[in-house]
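First comes the structure, then the notes that go with it.
Just so we're on the same page: letters track the sequence lines, and every chain starts at 1. No hydrogens, no waters, no symmetry mates; every other heavy atom, side chains included, goes into these values.
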Protein chains: 2
Amino acid sequence: MATKTELRRQELRDKLVIIAERTIAQDGLTALRARDLAGEAGCAVGAIYNVFGDLTDLALTVNARTFHRLGADVAEALANAPEDPVEQLVVMAQAYHAFAAQNHLSWRALFDIERAPGEAAPDWYLQEMGQLFTYISDPLAVIFPERDSAELALLTRALFSSVHGIVLLGLDEASAGVSTENIDHMIALVLRQFAASPK
Amino acid sequence: MATKTELRRQELRDKLVIIAERTIAQDGLTALRARDLAGEAGCAVGAIYNVFGDLTDLALTVNARTFHRLGADVAEALANAPEDPVEQLVVMAQAYHAFAAQNHLSWRALFDIERAPGEAAPDWYLQEMGQLFTYISDPLAVIFPERDSAELALLTRALFSSVHGIVLLGLDEASAGVSTENIDHMIALVLRQFAASPK
DNA sequence: TACCCTGTTGAACGCAGTTCAATGATATGT
DNA sequence: ACATATCATTGAACTGCGTTCAACAGGGTA
């Protein structure tokens, strides 16, 4: 048993994750460089590869944590939300927006790692995604009680994707000129309008 | 006057754009490599830099053409659409989806080039985007005649972003399991539900 | 034709991620 | 406690990328 070694590895692992997390948050995924990382962590470049398969593995680990924080924020928003299911959707979506705005580069990193074609998404990703979807589908089931679960699943995905799209393009300064308030406004507009329908 | 030289440059320019277009379409933006490009075009690597500032310039040129084709597809869909403004929105959004699906990597490249922070989006980008927005806001103005132009602009952006989000996440095989039909279904669901509201 | 000038070339540079032979530390058996 | 085998760690070196620039070649002009 390599107790001492395992401990050291665990420590290095933690240190690398923390540094990578800060680097990505401050300067984005592209600023994650092996040599800089090793320099900051006080280890050799090769040591990184003893602990992570490659830099993408490290970035994915950071992403898992980011996604978890995101989920926690949305959950908290839901916990403090009014009873009305439409308002619950709005509050959660705006929490999603707030998280994306306040953790812009970390949030971008969630989607900027390209998987090799055919490669499945990591487990934690699907799991966290499923959690988010549950938060959405519960109020939706109240709003649309007569729809079956397959339809609700589609509605859930459609609404999540819509909000994601609004936040994504809204935060992209390229197409410039969308204020935070306007993004929240668009979110509320789409969700309320969507749920207000008699059907 | 360097007529002969200018002609050669123009020819090289065209050749590079065509090769780059095919490369991006087949293997994505990351497959665009200076040496491969030079090899295929039968020129020196340095020659690329006589004609384009850098590879990003070339990729942006390809993007401009892709965006233009996209706009043309949407315009054609609108031209053949029924009179009903809601159906016009649906038809256009599904044309957007069809283009993205059939030109997946080229379409991805539109959004995968990261600009340096603070750098404005290119002119053609804003122009094509504006064109797309016009296609959307016209039917919207019919659907919501009492809204002022600022509100319509926000609605337009919100709907475009929503459809974009649905297509983006739908085509991402990672979250797997969204068929083409389901994507079209989600688009129609969101747009019809949105426009059906009495308000 | 001779000569300048400008377009073109591709080897070389800088900077990434990743590897692996050499080194050093650790755990085990006596 | 020591010797020794085993395994972790190191960082120089390798590969592959975009980009540059001194040297070269070929076209335009007198």
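Rounded to an integer number of Å, the gap from B:L32 CG to D:dT19 P is 10 Å. Atom CD1 of A:I48 and atom P of D:dA12 are 15 Å apart (whole Å). The distance between atom CG of A:D36 and atom P of C:dA16, rounded to the nearest whole Å, is 7 Å. Summarising the geometry, the separation between CD on A:E114 and C1' on C:dG17 is reported as 15 Å, rounded to the nearest angstrom. Note: CG (B:L55) to C1' (D:dG16) measures 14 Å, nearest angstrom. Rounded to whole Å, the distance from CZ on B:R9 to C1' on C:dT6 is 10 Å. Protein atom CG of B:L29 is 14 Å distant from nucleotide atom P of D:dC17, rounded to whole Å. Protein atom CG of B:L12 is 14 Å distant from nucleotide atom P of C:dG7, rounded to whole Å.
Side-chain contact, B:D84 with B:Q88: no donor N or O sits under 3.5 Å from an acceptor N or O.
The side chain of A:A34 has C:dT18 as its nearest neighbour among D:dG18, C:dT9, C:dT18.
Annotation for B:H68: atom NE2 does not count as buried by contact number, only 12 or fewer foreign heavy atoms lying within 6.0 Å.
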Polar-atom pairs under 3.5 Å, protein N or O versus N or O of nucleotides 21-26 of chain D: list them with distances, or write none.
none

Between the protein and nucleotides 12-15 of chain C, which nitrogen or oxygen pairs come in under 3.5 angstrom?
residue	atom	partner	partner atom	Å
C:dA12	N6	B:R35	NH2	3.3

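In this structure, B:M186 and B:V178 have side chains that are in contact, with non-hydrogen atoms separated by less than 4.5 Å.
For A:S106, the side chain to side chain contact (heavy atoms under 4.5 Å, CB included) test picks out A:I24, A:A25, A:T66, A:R69, A:N103, with sequence neighbours left out.
Aromatic ring centres of A:H164 and A:W107: separated by under 6.0 Å.
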